[in-house]
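Residue numbering restarts at 1 for every chain, and letters A, B, ... go by the order of the sequence lines.
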Amino acid sequence: MDKYQGIGVQQQALYNTKFMPVEFSYTKAKLFRSIHSLPLQTSFHNQLTITNKRAAEQNCLTLLQLCDSLPKLTQLHAHIFKLGLRNNPLVLTKFASTSSDLNAIDYASTFLFAADAKTHLYDSFLFNTVIRAYTQPRDSKHNGIYYYKLMLEYGVLANKFTYPFVLKACAGLGDLSLGKTVHGCVLKVGFDDDVHVLNTMVHMYGCCCGGIEFGRKVFDEMPKSDPVSWSAIIGGYARLGMSIEAVGLFRKMQISGVRPDEITMVSVLSACTDLGALELGKWVESYVERENVVNSVELCNALIDMFAKCGDVDKALRLFRNMTERSIVSWTSVIVGMAMHGRGPEAFSLFEEMKGAGVVPDDVAFIGLLNACSHSGLVEEGQQHFYSMTKDFGIVPKIEHYGCMVDLLSRAGLVKEALEFVQKMPIQPNPIIWRTLITACRAHGELNLGESITKELIRNEPMHESNYVLLSNIYAKQFRWERKTKIREVMEKKGMRKIPGSTMIELDNEIYEFVAGDKSHSQYKDIYEMLDEMGRKLKRAGYVPTTSEVLLDIDEQDKEDALNRHSEKLAIAFALLKTPPGTPIRIVKNLRVCGDCHSATKFISKIYNREIVVRDRNRFHHFRDGLCSCKDFW
DNA sequence: GTAGGGTTAG
């Protein structure tokens, strides 16, 4: 009798106090009450037989579905103990498979695999659920691998469901050698004929540095490919920035007769975005409409991102406005889009609108917003948002957020403040932050400071090319040519090369890429004639070449020639030749646009009466009638 | 009872 009473009291206590968390919504609470009161009580009042134990277990499982965080789980778990259902793996595994709270997953898995737990309970299913649980949250993939290793150690056989989880974990870690090891295991146990396993394998290789060739091999040798396989390989190339290959593969996919779905189209769109290929992107949009591809939120997000980053931010905004359901990514994409086009105030009002709509900004949204401040020179607003991020939203700033702040201060010319900010940062500054600061030093004449920071950086990171380029740029600005030459020698000795600047342009469904002094184009003679004519017209209009941008020790005339052969100018000359008067020109540069090209493009837009849209590494410049939308702030 | 590919920032 006592026993039953005891349970009654426990249940009562549970019922009245802790176990009903206030944050449960009404429906959930109602459900909870009904589940909790009826079957459990009946089963316990009828004696604790095996059948009743199962029923109690069932109830616990249902209750577990309502547990979405660690506190709720621990309370329920304590209750399970009291009911004598101790160490029931099923209960906790069920939880691990549905929770997205990393702490709770840790709790469940630690408990399940504690030293005194009974190993005979362990089977593939149990391990699979735990490994899967760890593939969900960010930064926890190594735990998935840990449990896979434990599984092997315990002699539990991995089945065909195990490998997709394990490969996903490898993908998340980007660990190629680990991925290869797992690949070897798959071959050994003979799951290499399973389409799920193979598709995840392609995906895994596509996520690992230097792995895409292996992924391609797996893909090419697959006995049968479906939209998932194609999406995995196209997505792999797109992620790497091998966008031409990604688009080429999409064409092959169409020929092969496999019907692309909405996920394939997202990958194709991200390749278009990378290429800045607006026409191709528009084609994808029409394809999606024509073929009735499912219009998912993610697909729409990808379209918004594409339009914003290929120059048509108004179209991106229209798409955003027409969405019936929006995710945080939709908001962030459109905010970032506005920021890239120098429309800071609109980015801000969208951010406010987002908060008003009840969408809680995450860390990425703040990076976008802080970037908007940076591109528009809004120092105070940026600082306010930076503090509000922690104060109002409890987001701990990451290195990227600090990076945004350094960028914000640097661009505004507040080099000293930026340095002070870096010195006061609670986390170790990374090389990206130092490079931001060095660029600012160079731009705002703090050459000695820039030199000493760069030297320090090179000591810590001797194999990074851009550090040497930065130092050599500082020397060039100080006219210390012998030092500059020495840097170049050091780089050559170490086998490093500066990334060459290149400009892409899309004309008549073709993408052309130019590098400085490029003569590989079949019409190069016409292009160079056009360049010379442009040069003459520009000078007449009052353009003065910014020869200080040339970082070589050559005479003034040679410097002018070098400037005149920059890839941006080649692409513009080509566009002037090939398109009818008045057509807008869109070009995409892989690095930041150079100061001289920026000033020359302003003149070109006026002289030739063209709107010229330039996407550089960081943002957009809209040139019209002799002016640029960035207001010379970039 | 358990499985595959996707979007924002850096």
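With respect to the salt-bridge test (charged N to carboxylate O, under 4.0 angstrom), the residues A/R239 and A/D274 do not qualify. Classification of A/E298 and A/R326 as a salt-bridged pair fails, no side-chain N sitting under 4.0 Å from a carboxylate O.
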Exercise for review: Please lay out, stage by stage, how A/R216 and A/E245 fare under the test salt bridge (Lys or Arg N to Asp or Glu O under 4.0 Å).
Suggested key: CA-CA 11 Å; A/R216 183 61 182 267; A/E245 277 81 351; over 6 Å; no
**Study point:** A/E285 vs A/E289, side chain to side chain contact (heavy atoms under 4.5 Å, CB included): CA-CA, chis, key distance, verdict
**Key:** CA-CA 6 Å; A/E285 189 197 17; A/E289 282 169 13; 4.0 Å; yes
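When heavy atoms are screened at a 4.0 angstrom cut-off, A/T264 is found touching base atoms of the nucleic acid. Using a 4.0 Å heavy-atom distance criterion, A/V195 is classed as a base contact. Nucleic acid contact for A/K168: sugar-phosphate only, since backbone atoms but no base atoms lie under 4.0 Å from a heavy atom of the residue. At a threshold of 4.0 angstrom between heavy atoms, the contacts of A/Y163 with the nucleic acid are absent. Nucleic acid contact for A/L299: base, since at least one base atom lies under 4.0 Å from a heavy atom of the residue. Contacts of A/N128 with the nucleic acid, taken as non-hydrogen atoms under 4.0 Å apart, include base atoms. Among the atoms of the strands shown, none is found under 4.0 Å from any heavy atom of A/T129.
In this structure, A/M306 places its CE atom 13 Å from P of B/dT8, rounding to the nearest Å. Rounding to whole angstrom units, NZ of residue A/K224 and C1' of B/dG5 are separated by 16 Å. A straight line from CH2 of A/W230 to P of B/dG6 spans 17 Å, rounded to a whole angstrom. The distance between atom CZ of A/R216 and atom P of B/dG5, rounded to the nearest whole Å, is 20 Å. As a whole-Å value, the separation of A/F127 CZ from B/dT2 C1' is 14 Å. In this structure, A/H196 places its NE2 atom 10 Å from P of B/dG5, rounding to the nearest Å. One atom, CG of A/N295, and another, C1' of B/dG6, lie 14 Å apart when rounded to the nearest Å. B/dA3 atom P lies 18 Å from atom CG of A/L198, rounded to whole Å.
Every pair passing ring-ring contact (aromatic ring centres under 6.0 Å, His included) that includes a residue from residues 322-344 of chain A is listed here, sequence neighbours excluded: A/F320-A/W331, A/H341-A/F620, A/H341-A/H622.
Side-chain atoms of A/R239 lie closest to B/dG5 of the nucleotides B/dG5, B/dT8, B/dA3. Which of B/dA9, B/dA3, B/dG6 sits closest to the side chain of A/I263 comes down to B/dG6. Of the candidate nucleotides B/dG6, B/dT7, B/dG5, B/dG5 has the atom lying nearest to any side-chain atom of A/P227. Which of B/dT8, B/dG5, B/dA3 sits closest to the side chain of A/H203 comes down to B/dG5. The side chain of A/I432 lies closest to B/dG10 when the candidates are B/dT2, B/dG10, B/dG6. When distances run from any side-chain atom of A/V266 to the nucleotides B/dA3, B/dG6, B/dT8, the shortest one goes to B/dG6.
Between the base of B/dG6 and the side chain of A/S296 there is a donor-acceptor pair shorter than 3.5 Å. Between the side chain of A/D261 and the base of B/dG5, at least one donor-acceptor pair of N or O atoms lies under 3.5 Å.
Within residues 340-370 of chain A, the residues having any heavy atom under 4.0 Å from DNA chain B are, by residue number, A/V364, A/I367.
Of all heavy-atom pairs between A/C170 and A/C208, the closest is O-SG, 4.3 Å.
At B/dG10, none of the side-chain N or O atoms of A/N430 fall inside 4.0 Å of OP1 or OP2 (strictly under the cut-off). In this model, the phosphate group of B/dT7 is not approached by any side-chain N or O of A/K309 to a distance below 4.0 Å at OP1 or OP2.
In this structure, A/F214 has its ring center under 6.0 Å from that of A/Y205.
A cation-pi arrangement is absent between A/K160 and A/F191, since the terminal nitrogen or guanidinium carbon is not both under 6.0 Å from the aromatic centre and inside a 45° cone about the axis.
A/Y146 OH: 12 or fewer foreign heavy atoms inside a 6.0 Å radius.
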